[in-house]
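Below: the structure, in structure tokens.
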Amino acid sequence: MVRGPEAQAFIVAQGLDIDLAVRSPLERRLMDTSIRLCAGDLALPGKLWGPNEVLPPRTYPNLRASMEEISAYLQVQPATVAALVIINDADPLLAQAYLDLTGKSIPVIDLRKIDLESKIIEAREALGALLAQKLTADAYIPRFQSMEEGSSGIQNEKSSRYFGSPFMPETMAWPNWRWGEKSGPYLFYCQYQVSDLPDPVRACLPEDVTSFLVFVNPIIDVWPHTPDNPPYKLRFVRGGEKCALYTAPSSSDQEAPPGRDIARFCRTRDTGSAREYSSRPDARPEFFELADMPYSVIEPFFMSPEAERRFVLDEVAGKVPPESPLLSWEGDKFLGEPIWIQSAEYRSSWDGTPMIAFLHIFYDGVPDLDLPPEALSRDGAGIIWVPRRWVKNRTYESQVEMTWDMG
């Protein structure tokens, strides 16, 4: 756009009563897009970006990037201005005056004759679809059997569930934590029968595993300062192991919530922390700016918390809404994209192969379940990582990694 004191004086001399400093409704609408409107005055024609004057490169979106990464990013060819735009009655005169002064040949587009609102909506949906394709991954969120007040939510001792009593191998000792002179039992968190898991989740596990159990460390806040007290204890049950129902050891201030059976899984396209895209093992520099896009516009591409919860818990049928395709579920889930509270901590196997973010555990919270007692609740998020290739001559538990991100 041609704007500035000289441009204002020019149109006043032409008898037009238009204040160029007043932002038009169209300009306000474009703030919600990736379209950039640049301006230069008639007195400084060489300062208005055109086909022979490229826009300066954008700053690198990740503050933790190395100098080598920043240098590589700045080598990307910056964008050029596509056209002079007409958005009010003064702009035809200003555009022609600018072209006459500079001798440049720049296209002039009269946006008053274009239904730009519908074009912006179409472009936004297209961008949202691209964001969803590049920045999301399928995640599976547990759903629970309905339970009448005062009744048990456990159907049988082997069922996949949260809390209650675990159906665990008879040869397994209950895991305990130790901190100085204090010690106590881990909290039984959940158990999954492999046959209940969605196919993509089941495919991450060794073929001879029939179930697994997860126990959570009640003093997780002191980990990793005490590596002998990991955030979780994971136990894989292999076919043929004899199991029995165990009652959790008593603990003075850690009474677990009632057990609840897992009925099914809600499949979503989960986003995680797009701001940490550049830390992903599969990150591509050409998508760095794309990953920053959800945060650089006024109307977010993320679902609102209310819409997100409704989409997950009510199992809204069909596709993710195109106007807000990004969902960042801060509850328990299998697979999907990690949500980082502080910084990314992707894990790799012994051979350097990136591991799979298998089971996410957030704030001890899962859909439809009451929060645990305050003594069991921690402000943080954890992930259990499994390898892409299991080594048969090692215990499966020794091949698992765990991260715990403090809030």
Side-chain angles (χ1 to χ4, degrees), residues 1 23-38 49 54-63 65 69 72-85 87 107 109 111-139 267-280 282-308 310-312 316 318-330 336-340 344:
M1 300 183 298
R23 183 173 293 169
S24 67
L26 176 60
E27 290 175 85
R28 291 193 290 271
R29 184 67 182 89
L30 289 180
M31 291 179 63
D32 186 37
T33 73
S34 59
I35 300 172
R36 286 170 283 174
L37 288 179
C38 303
W49 307 112
V54 296
L55 287 168
R58 287 193 174 186
T59 56
Y60 196 79
N62 191 326
L63 296 178
E69 290 175 318
Y73 181 74
L74 295 179
Q75 298 303 315
V76 177
Q77 178 65 32
T80 60
V81 157
L84 293 172
V85 294
I87 58 178
I109 299 178
L111 295 181
R112 299 172 301 177
K113 299 178 180 179
I114 299 174
D115 184 5
L116 195 61
E117 187 72 20
S118 64
K119 298 294 183 184
I120 290 174
I121 293 174
E122 292 176 11
R124 180 179 175 83
E125 291 188 0
L127 178 58
L130 182 62
L131 289 168
Q133 177 187 1
K134 300 298 183 183
L135 302 179
T136 67
D138 283 342
R267 176 186 173 188
T268 75
R269 289 293 290 177
D270 184 67
T271 309
S273 295
R275 288 190 187 276
E276 299 288 350
Y277 172 81
S278 62
S279 298
R280 283 169 45 167
D282 61 346
R284 296 170 57 179
E286 58 265 37
F287 295 145
F288 287 170
E289 188 170 343
L290 182 69
D292 194 45
M293 186 63 66
Y295 311 98
S296 62
V297 296
I298 293 177
E299 295 180 17
F301 284 94
F302 286 98
M303 293 184 191
S304 68
E306 296 78 13
E308 179 182 90
R310 187 168 59 250
F311 178 83
V312 172
V316 177
K319 302 176 181 178
V320 173
E323 69 277 5
S324 53
L326 303 185
L327 175 146
S328 185
W329 179 251
E330 293 189 357
E337 290 291 337
I339 292 178
W340 306 110

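Numbers here simply count residues along the sequence, with the first being 1.
Minimum heavy-atom separation, Thr271 to Glu337: O-CB, 3.0 Å. Here the closest non-hydrogen pair linking Phe287 and Lys134 is CZ-CE, 3.6 Å. Of all non-hydrogen atoms in Leu135 and Tyr277, the two that sit nearest each other are CD2-CD1, 3.7 Å. Heavy atoms only, all atoms of each residue included: Pro325 and Ala132 are closest at CB-CB, 4.1 Å. When all heavy atoms of Ala344 and Ser279 are compared, the closest pair comes out as CB-CB, 3.6 Å.
Separation of atoms CD1 (Ile109) and CD1 (Ile114) is listed at 6.0 Å; rounding is to 0.5 Å.
Put simply, the side chain of Asp270 never gets that close to the backbone of Ala137: no donor and acceptor are under 3.5 Å apart.
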Stepwise side-chain contact (heavy atoms from CB on, under 4.5 Å) test for Thr268 and Thr136 | CA-CA 9 Å; Thr268 75; Thr136 67; over 6 Å; no

Chi angles and distances behind the side-chain contact (heavy atoms from CB on, under 4.5 Å) call for Asp138, Arg269 = CA-CA 5 Å; Asp138 283 342; Arg269 289 293 290 177; 2.9 Å; yes

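Residues passing the salt bridge (Lys or Arg N to Asp or Glu O under 4.0 Å) test with Arg112 are Asp89, Asp110, sequence neighbours excluded. Every residue two or more places apart in sequence or in another chain that forms a ring pair (Phe, Tyr, Trp, His ring centres under 6.0 Å) with Phe302 is listed here: Tyr295. Remark: Glu122 engages no residue in a salt bridge (Lys or Arg N to Asp or Glu O under 4.0 Å) (not counting sequence neighbours).
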